[in-house]
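What follows is a short report on a single structure.
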Amino acid sequence: MIAAPTRALFAVVKVLLAIAYAVPLAWIVVTSFKSTTQVLQDPNGIVFTPTLDTYREVIGEGAAAIVTSLQISVVVTVVVAVLAVPAAFAAAARLSTGRRASSRWRSPGCSCCR
Amino acid sequence: MPAAVVLVAMAVYPLVVLFQMSVSDVGPSNIVGGWSLVGLDNFADALGNSETWYALWRTLGLCAVLLASNLVLGFVCGSVLAEPGRGSNAVLGLMVFIWALPPLVSGSVWKFLLDDSGVLNEALGVVGVGPVPWLSSPDAALWTVAGVVAWSALPFSTLILRGAMLAVPQEVLEAAAIDGAGYWTTRVRIVLPLLRPTMWILAILTVIYAFKSFDFFYVLTEGGPGTSTNTLPVLSYYTAFTQFDMSTGATVAVLSMIVVAACAVPYVRRINAEVPE
């Protein structure tokens, strides 16, 4: 039920959004395949011989950092799950006294269907 | 209950220490050991320092940019992406992916893109516009960083508003269509008022986000050039950890915390008001 000009406008907005969010992402991916000298000589170049050297380097030298990140994410997940789940129950039980408990589980996004 | 106690303790203890620091004289020489109590001297110093006020104005400027982008652009993007279709899904997925990237990563990408000889300036050069000193000019830097922060916050607001739009009952929209309302009339007269509670919550979250936004400033400008991008959290960090004036840093942090708390209260009340009796 949407008029054609509006549809066209939608397409324009979508394309603009896609550009705004895809270009930085593409740039970082492209740069990751350049060697350090290529980046320093011509940081904005699109034509270049891709190399996997930086990946080799990161996996070689950054192994310890990768392990540390894994450790942190595992510990954070466990601690959050162990603490937040019971805390959420406690909060839900306390805050919704006198109200229907189930109504608590609605997201704020669903506010319009009261 | 024990879990709640642990959570509260973990959240409150650092705040207590922060507050204690803000009313004591703490420097690198006595960071471990006794802190001498100086009462509200730090607050008087911080409030008497024009840099604190400049930082506050900059933070409010960031707030204004974020509010405009999150609410207005968020509403437009949410409307566009609420239309079903493969394109919408792809764009939304891309945006959420970017949103999930660590700010340090997306921030450093923008640092390269916005460099004086970066991609953006090179592209502008092609169409004949001279290089814009996005990050190196004291006048532009704050708004550039604000733009990057807005860019990274937009996916979240789009997601929230789109979700709220999809929850608008279809019958309401059909009724509007039968009454002869066009697309834009329906958006502005029907959907926007129905979204008001969501918009409020989003606005409050945005203000809180602006007052704690630190990582993009840290990556992109480190508060510079000069002091032109020192917002409250940035000022607090650099006062405490590069000038080693921990108590003044803590004081600035407490001041911005007061603002955040002032916003958090209506947020919690709104959330509770959302729950039908």
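Convention: sequence-line order gives letters A, B, ...; per-chain numbering from 1.
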Nearest 0.5 Å please: distance from the OG1 atom of T31(A) over to the CZ atom of F112(B). 8.0 Å

Value for CZ (R187(B)) from OG1 (T6(A)), rounded to nearest 0.5 Å, stands at 11.0 Å

Crowded around Y209(B) OH? As in, over 12 foreign heavy atoms under 6.0 Å? yes

Determine the option with the most heavy-atom pairs under 4.5 angstrom with chain A, choosing from L154(B), L166(B), T158(B), L202(B). L154(B)

Taking every non-hydrogen atom, the tightest pair across L25(A) and F97(B): CD1-CE2, 3.6 Å

Measure across L94(B) and A18(A) and return the closest heavy-atom pair with its distance rounded to 0.1 Å. CD2-O, 3.7 Å

So which atom in W110(B) and which in P24(A) form the shortest heavy-atom distance, rounded to 0.1 Å? CZ2-CG, 3.7 Å

Measure the acute angle between the ring planes of Y21(A) and W151(B), then classify it against the limits of 30° and 60° as parallel, tilted or perpendicular. parallel

For C77(B) against L17(A), the heavy-atom pair lying closest together: SG-CD1, 3.7 Å

Measure the spacing between CZ of F10(A) and CG of L81(B) and express it to the nearest 0.5 Å. 9.5 Å

How close do K14(A) and S88(B) get, heavy atom to heavy atom, and via which atoms? NZ-OG, 3.1 Å

What's the spacing between S108(B) OG and I28(A) CD1 if we round to 0.5 Å? 6.0 Å

So, the part of L16(A) with a heavy atom under 4.5 Å from chain B: the answer is neither

Any idea which of P155(B), G85(B), G182(B) has the most non-hydrogen atom pairs under 4.5 angstrom with chain A? P155(B)

